[in-house]
Amino acid sequence: ENSAIFTTATLVTRFEKDSPETHSVTFILKEKTLVTLRYAEPKSFDMFLSRCQRAQAEAVISGIDVFIGLTEAIVDRLADAHEMIGKELAQVKWRLKI
(Lines give C-alpha, C1' and ligand atoms only; values in the text may rest on other atoms or scores of the structure.)
Protein backbone atom coordinates (compact mmCIF):
# COMPACT_ATOMS: atom_id res chain seq x y z
CA GLU A 1 0.00 0.00 0.00
CA ASN A 2 1.63 3.27 -1.15
CA SER A 3 4.96 1.40 -1.45
CA ALA A 4 4.83 0.35 2.22
CA ILE A 5 5.08 -3.29 3.27
CA PHE A 6 2.68 -4.49 5.97
CA THR A 7 2.95 -7.77 7.84
CA THR A 8 1.32 -8.96 11.03
CA ALA A 9 2.60 -11.58 13.45
CA THR A 10 0.95 -13.13 16.47
CA LEU A 11 3.40 -13.23 19.37
CA VAL A 12 3.19 -15.12 22.64
CA THR A 13 3.84 -12.90 25.64
CA ARG A 14 4.19 -13.71 29.31
CA PHE A 15 4.96 -17.36 28.54
CA GLU A 16 6.84 -17.72 31.83
CA LYS A 17 3.69 -16.73 33.76
CA ASP A 18 0.70 -18.90 34.62
CA SER A 19 -1.39 -17.27 31.91
CA PRO A 20 0.51 -16.64 28.66
CA GLU A 21 -1.12 -14.31 26.17
CA THR A 22 -1.03 -13.81 22.44
CA HIS A 23 -0.95 -10.39 20.81
CA SER A 24 -0.83 -9.25 17.22
CA VAL A 25 2.00 -6.99 16.12
CA THR A 26 1.85 -5.24 12.76
CA PHE A 27 5.10 -4.19 11.14
CA ILE A 28 4.92 -1.39 8.59
CA LEU A 29 8.06 -0.83 6.53
CA LYS A 30 8.36 2.12 4.20
CA GLU A 31 11.70 3.14 2.76
CA LYS A 32 14.07 3.43 5.75
CA THR A 33 11.39 3.57 8.44
CA LEU A 34 9.78 0.76 10.45
CA VAL A 35 6.65 1.33 12.50
CA THR A 36 5.14 -1.28 14.80
CA LEU A 37 1.49 -1.27 15.78
CA ARG A 38 0.96 -3.24 18.98
CA TYR A 39 -1.04 -3.23 22.16
CA ALA A 40 1.47 -5.16 24.27
CA GLU A 41 5.14 -4.88 25.15
CA PRO A 42 6.73 -8.16 24.04
CA LYS A 43 9.87 -8.94 26.01
CA SER A 44 11.67 -9.63 22.73
CA PHE A 45 11.35 -5.93 21.85
CA ASP A 46 13.06 -5.00 25.13
CA MET A 47 15.75 -7.60 24.43
CA PHE A 48 16.40 -6.04 21.02
CA LEU A 49 16.57 -2.54 22.48
CA SER A 50 19.10 -3.71 25.10
CA ARG A 51 21.25 -5.25 22.36
CA CYS A 52 21.19 -2.00 20.39
CA GLN A 53 22.29 0.02 23.40
CA ARG A 54 25.46 -2.00 23.98
CA ALA A 55 28.69 -0.25 22.98
CA GLN A 56 29.81 -3.07 20.69
CA ALA A 57 26.41 -3.43 18.98
CA GLU A 58 26.16 -3.28 15.21
CA ALA A 59 24.77 -0.04 13.86
CA VAL A 60 21.05 -0.13 13.18
CA ILE A 61 20.68 2.15 10.21
CA SER A 62 17.39 1.43 8.52
CA GLY A 63 13.93 0.07 9.14
CA ILE A 64 14.91 -3.25 7.58
CA ASP A 65 17.81 -3.49 10.09
CA VAL A 66 15.33 -2.95 12.91
CA PHE A 67 12.89 -5.48 11.44
CA ILE A 68 15.63 -8.11 11.12
CA GLY A 69 16.87 -7.40 14.64
CA LEU A 70 13.37 -7.63 16.10
CA THR A 71 12.74 -10.87 14.20
CA GLU A 72 15.96 -12.36 15.58
CA ALA A 73 14.96 -11.32 19.11
CA ILE A 74 11.51 -12.88 18.65
CA VAL A 75 13.07 -16.15 17.48
CA ASP A 76 15.50 -16.10 20.44
CA ARG A 77 12.60 -15.58 22.82
CA LEU A 78 10.64 -18.44 21.24
CA ALA A 79 13.69 -20.67 21.63
CA ASP A 80 13.78 -19.75 25.32
CA ALA A 81 10.09 -20.65 25.62
CA HIS A 82 10.65 -23.96 23.85
CA GLU A 83 13.52 -24.84 26.19
CA MET A 84 11.53 -23.88 29.29
CA ILE A 85 8.52 -25.93 28.21
CA GLY A 86 10.76 -28.90 27.41
CA LYS A 87 12.23 -28.80 30.92
CA GLU A 88 8.78 -28.58 32.48
CA LEU A 89 7.56 -31.55 30.44
CA ALA A 90 10.61 -33.56 31.47
CA GLN A 91 9.81 -32.85 35.13
CA VAL A 92 6.19 -33.95 34.65
CA LYS A 93 7.35 -37.11 32.90
CA TRP A 94 9.80 -37.83 35.75
CA ARG A 95 7.08 -37.27 38.38
CA LEU A 96 4.70 -39.59 36.54
CA LYS A 97 7.54 -42.07 35.93
CA ILE A 98 6.60 -42.37 32.26
Side-chain angles (χ1 to χ4, degrees):
E1 186 175 312
N2 294 328
S3 73
I5 299 170
F6 290 75
T7 188
T8 301
T10 302
L11 304 181
V12 178
T13 61
R14 301 169 38 96
F15 70 77
E16 64 282 323
K17 306 289 184 191
D18 288 337
S19 54
E21 300 172 356
T22 57
H23 294 277
S24 295
V25 177
T26 299
F27 299 89
I28 306 163
L29 181 64
K30 182 163 180 164
E31 298 169 10
K32 291 186 175 188
T33 303
L34 178 73
V35 174
T36 62
L37 178 60
R38 54 200 157 94
Y39 298 98
E41 289 294 327
K43 196 169 190 176
S44 52
F45 283 49
D46 291 334
M47 291 167 50
F48 173 68
L49 182 59
S50 293
R51 286 182 197 161
C52 290
Q53 292 173 337
R54 291 187 199 133
Q56 70 275 18
E58 284 185 39
V60 177
I61 298 172
S62 69
I64 194 70
D65 293 333
V66 175
F67 179 75
I68 290 169
L70 284 171
T71 303
E72 289 172 348
I74 291 165
V75 170
D76 288 348
R77 184 84 170 129
L78 287 172
D80 292 344
H82 186 265
E83 183 178 350
M84 185 186 82
I85 291 167
K87 287 178 180 178
E88 288 178 8
L89 287 174
Q91 288 177 356
V92 169
K93 183 177 175 183
W94 181 81
R95 284 186 202 134
L96 297 175
K97 308 234 189 274
I98 297 175

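These values consider heavy atoms only, across backbone and side chains, with no hydrogens, waters or symmetry-generated copies.
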Colleague: Quick one: pull up OG in S44 and CG in L49 and give me the separation to the nearest 0.5 Å.
Modeller: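 These two atoms lie 11.5 Å from each other.
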
Colleague: Kindly check if the number of other-residue, nucleotide or ligand heavy atoms within 6.0 Å of NZ (K30) is above 12?
Modeller: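 Counting neighbours around NZ of K30, more than 12 heavy atoms of other residues, nucleotides or ligands fall under 6.0 Å, so yes.
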
Colleague: What distance separates L78 CG from L11 CG, expressed to the nearest 0.5 Å?
Modeller: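 Interatomic distance, L78 CG to L11 CG, rounded to 0.5 Å: 7.5 Å.
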
Colleague: For L89, which fellow cluster members are found when Ile, Leu, Val, Met, Phe, Trp and Tyr are connected by side-chain heavy-atom distances below 4.5 angstrom, either directly or through intermediates?
Modeller: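 Listed partners: I85.
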
Colleague: Search all heavy atoms of V12 against all heavy atoms of P20 and return the closest pair with its distance.
Modeller: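 So the minimum-distance heavy-atom pair works out to CG1-CB, 4.3 Å.
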
Colleague: Mind checking what makes salt bridge (charged side-chain N to carboxylate O under 4.0 Å, His left out) contact with E41, not counting sequence neighbours?
Modeller: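 Testing E41 for salt bridge (charged side-chain N to carboxylate O under 4.0 Å, His left out), a comparison that skips the adjacent residues, returns R38.
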
Colleague: Can you see which heavy atom on A73 is nearest to which on F48, and at what distance?
Modeller: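 Scanning both residues completely, I find the closest heavy atoms to be CB-CB, 4.0 Å.
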
Colleague: Given a cutoff of under 4.5 Å between side-chain heavy atoms of I, L, V, M, F, W and Y, with clusters grown through shared members, what are the other residues clustered with V35?
Modeller: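 V35 shares its hydrophobic cluster with F6, I28.
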
Colleague: Would you please name every residue forming a salt bridge (charged side-chain N to carboxylate O under 4.0 Å, His left out) with E21, sequence neighbours left out?
Modeller: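 By the salt bridge (charged side-chain N to carboxylate O under 4.0 Å, His left out) rule, E21 matches R14.
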
Colleague: Taking side-chain hydrogen bond (donor to acceptor under 3.5 Å, both in side chains) as the criterion, tell me which of T8, T7, T36 meets it with T26.
Modeller: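 Only one of T8, T7, T36 forms a side-chain hydrogen bond (donor to acceptor under 3.5 Å, both in side chains) with T26, namely T8.
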
Colleague: ring-ring contact (aromatic ring centres under 6.0 Å, His included): which pairs involve residues 16-46, sequence neighbours left out?
Modeller: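 Passing the test, one end in residues 16-46: F27-F67.
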
Colleague: Cluster question for you: counting only ILVMFWY and a side-chain heavy-atom cut-off of under 4.5 Å, with indirect links fine, are I68 and V25 together?
Modeller: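 Yes, I68 connects to V25 through the hydrophobic network.
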
Colleague: Please identify each residue that fulfils side-chain hydrogen bond (donor to acceptor under 3.5 Å, both in side chains) with D76, with sequence neighbours left out.
Modeller: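 For D76 the side-chain hydrogen bond (donor to acceptor under 3.5 Å, both in side chains) partners, ignoring immediate neighbours, are R51.
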
Colleague: Are the side chain of D65 and the backbone N or O of S62 linked by a donor-acceptor pair below 3.5 Å?
Modeller: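 Yes: the side chain of D65 pairs with the backbone of S62.
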
Colleague: Considering only heavy atoms from C-beta outward, does the side chain of L34 approach that of L70 to under 4.5 Å?
Modeller: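 L34 reaches L70 side chain to side chain.
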
